[in-house]
Amino acid sequence: MPTILGQNQYGKAENRVVKITRDGATHHIKDLNVSVSLSGDMEEVHYSGSNANVLPTDTTKNTVYAFAKEHGIESAEQFGIHLARHFVTSQEPIRTARIRIEEYAWERIEAPDADSRFSGADEVRHSFVRKGQEVRLTQITYDGSSWEVISGLKDLVVMNSTNSEFWGYVKDKYTTLKEAYDRILATQVSSRWRFNWTDDDQRMPHWENSYEQTKKHMLQAFAETYSLSLQQTLYQMGARIIDNRSEIDEVRFSLPNKHHFLVDLEPFGLKNDNEVYFAADRPYGLIEATILRDGCEAKIPVDLTNL
């Protein structure tokens, strides 16, 4: 039976680049993990092994580092746009470029008081501590005429220690879970959101501000929702983003329920009044859903592990 080549792509994955911007004695850090994937007229390299249309993956790696110097890194999204445009417009066989970026945030270590005994304490502007919260994400796809920008985050752990219930659910002969009218609600947020900026004629979003505001609305919705289910909280988080960020048309969440179970202290003659919990890491409930602006089509993949 004859065979034909299907979808294919190639590139250099996980290029770690750290860009230090020196503003006098004050330094700024951008720490990225950049993956480049290219596709286009690549049939011949698969059929015969001819590399005539192949830009070496080592070249794509070098481009990442050179662009960090030549263009700087204003934001993960802007850096990805520069790279995607370059690969599609500079190499005729390349029709589509997809750039995936993880960003690791750093925050400045506050200098000691000026009267500290440490020499030069009031001049420290170059010391940082890695933030232990989320990893910021973006994926840029460009085909020479239109853009798709999907950004997001992962590993953002949040908790409400009250204002959460879970009861009234279906019960069968295998159900042992007791109804809860005051429980801990905790999850590790993985989320992606799709921008409606698709071509160069549109006004480009302010990527840094958009990320901070999107995260703010997400967290505010989590904190302010009196939750009867994690599904309800998820929907409120996505709806708050859509309602407040006009540049975003679609949000997808994957929320593992980080269960906290009350410890039975009665064998020790102690009453556990919603104070002492056992934090279980598995098995866990996994709640996933997409929230859309009315009239928009879902385009974010259902399986976020591949995005």
Side-chain angles (χ1 to χ4, degrees), residues 7-21 28-43 45 51-104 135-153 192-212 214 245-250 296-297 299-301 306-307:
Q7 193 279 336
N8 63 91
Q9 58 196 37
Y10 80 104
K12 201 72 150 185
E14 301 201 27
N15 302 283
R16 285 299 306 274
V17 55
V18 177
K19 175 67 166 65
I20 306 296
T21 300
H28 307 275
I29 293 179
K30 282 289 187 180
D31 185 353
L32 307 183
N33 189 18
V34 182
S35 293
V36 177
S37 184
L38 309 175
S39 58
D41 184 8
M42 298 295 161
E43 288 81 5
V45 66
N51 291 311
N53 286 349
V54 175
L55 182 71
T57 63
D58 188 69
T59 302
T60 68
K61 175 203 69 178
N62 294 339
T63 305
V64 169
Y65 294 114
F67 270 41
K69 169 62 178 178
E70 294 175 358
H71 298 280
I73 302 177
E74 176 184 322
S75 67
E77 288 85 356
Q78 190 64 60
F79 190 63
I81 288 169
H82 283 311
L83 287 169
R85 191 191 305 275
H86 166 78
F87 289 123
V88 171
T89 59
S90 67
Q91 302 294 327
E92 194 277 334
I94 296 174
R95 310 282 170 69
T96 303
R98 186 193 69 199
I99 312 297
R100 288 179 172 171
I101 300 176
E102 295 182 344
E103 179 176 348
Y104 312 112
V135 175
R136 179 175 170 178
L137 307 165
T138 192
Q139 175 177 289
I140 315 296
T141 305
Y142 182 55
D143 63 5
S145 61
S146 64
W147 298 91
E148 182 184 72
V149 181
I150 299 175
S151 294
L153 55 81
R192 310 292 187 273
W193 48 87
R194 180 174 55 82
F195 293 91
N196 49 40
W197 179 80
T198 58
D199 65 67
D200 289 317
D201 291 334
Q202 293 176 266
R203 182 178 179 181
M204 188 180 294
H206 188 293
W207 305 112
E208 295 291 273
N209 180 67
S210 179
Y211 179 83
E212 293 301 327
T214 300
R245 302 306 306 173
S246 61
E247 73 274 22
I248 295 171
D249 280 350
E250 177 185 6
C296 293
E297 177 185 355
K299 297 182 179 180
I300 298 175
N306 293 317
L307 178 57

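Atom set for the values below is all heavy atoms of this structure, side chains included, hydrogens, waters and symmetry mates excluded.
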To the nearest 0.5 Å, how far apart are [atom1] in [X] and [atom2] in [Y]?
X: H28; Y: K19; atom1: NE2; atom2: NZ; result: 10.5 Å
X: N8; Y: S37; atom1: CG; atom2: OG; result: 9.5 Å
X: I140; Y: R98; atom1: CD1; atom2: CZ; result: 12.0 Å
X: T63; Y: L83; atom1: OG1; atom2: CG; result: 7.5 Å
X: E148; Y: K299; atom1: CD; atom2: NZ; result: 6.5 Å
X: S35; Y: R100; atom1: OG; atom2: CZ; result: 8.0 Å

To check you understand the geometry: which heavy-atom pair defines the closest contact between [X] and [Y], and what is its length?
X: M42; Y: N53; value: CE-O, 3.2 Å
X: A68; Y: I73; value: CB-CD1, 4.3 Å
X: G152; Y: Y211; value: O-CE1, 3.6 Å
X: S75; Y: R136; value: CB-NH2, 4.3 Å
X: N15; Y: K12; value: ND2-O, 3.1 Å
X: L38; Y: A97; value: CD2-CB, 3.8 Å

Donor-acceptor pair, distance only, cut-off 3.5 Å: does the side chain of [X] make one with the backbone of [Y]?
X: S210; Y: W207; value: no
X: E250; Y: I300; value: yes
X: R192; Y: L153; value: yes
X: D199; Y: Q202; value: yes

[Y] side chain reached by [X] side chain, heavy atoms, under 4.5 Å:
X: I101; Y: N33; result: no
X: M204; Y: V149; result: no
X: H206; Y: E247; result: no
X: Y10; Y: L55; result: yes

Does the side chain to side chain contact (heavy atoms under 4.5 Å, CB included) test come out yes or no for T138 and I150, once each step is laid out?
CA-CA 6 Å; T138 192; I150 299 175; over 6 Å; no

Under 30°, 30 to 60°, or over 60°: which ring-plane class applies to H71 and H82, parallel, tilted or perpendicular?
parallel

Give the ring-plane orientation class for Y142 versus W147, where under 30° counts as parallel, over 60° as perpendicular and anything between as tilted.
parallel

Under 3.5 Å side-chain donor-acceptor pair for T141 and D143:
no

Determine, stepwise, if the pair F79 / V64 fulfils side chain to side chain contact (heavy atoms under 4.5 Å, CB included).
CA-CA 9 Å; F79 190 63; V64 169; 4.2 Å; yes

Side-chain ion pair, E103 and K30, N-O less than 4.0 Å
yes

Of T59, V45, I94, the residue whose pairing with V54 passes side-chain contact (heavy atoms from CB on, under 4.5 Å)
V45

I'd like to know whether CD of E102 has more than 12 heavy-atom contacts from other residues, nucleotides or ligands below 6.0 angstrom.
yes

For E43, does the CD atom sit with more than 12 other heavy atoms under 6.0 Å from it, leaving out its own atoms?
yes

Mind checking side chain to side chain donor-acceptor pair (under 3.5 Å) for R16 and listing every partner two or more places apart, or none if nothing turns up?
D31

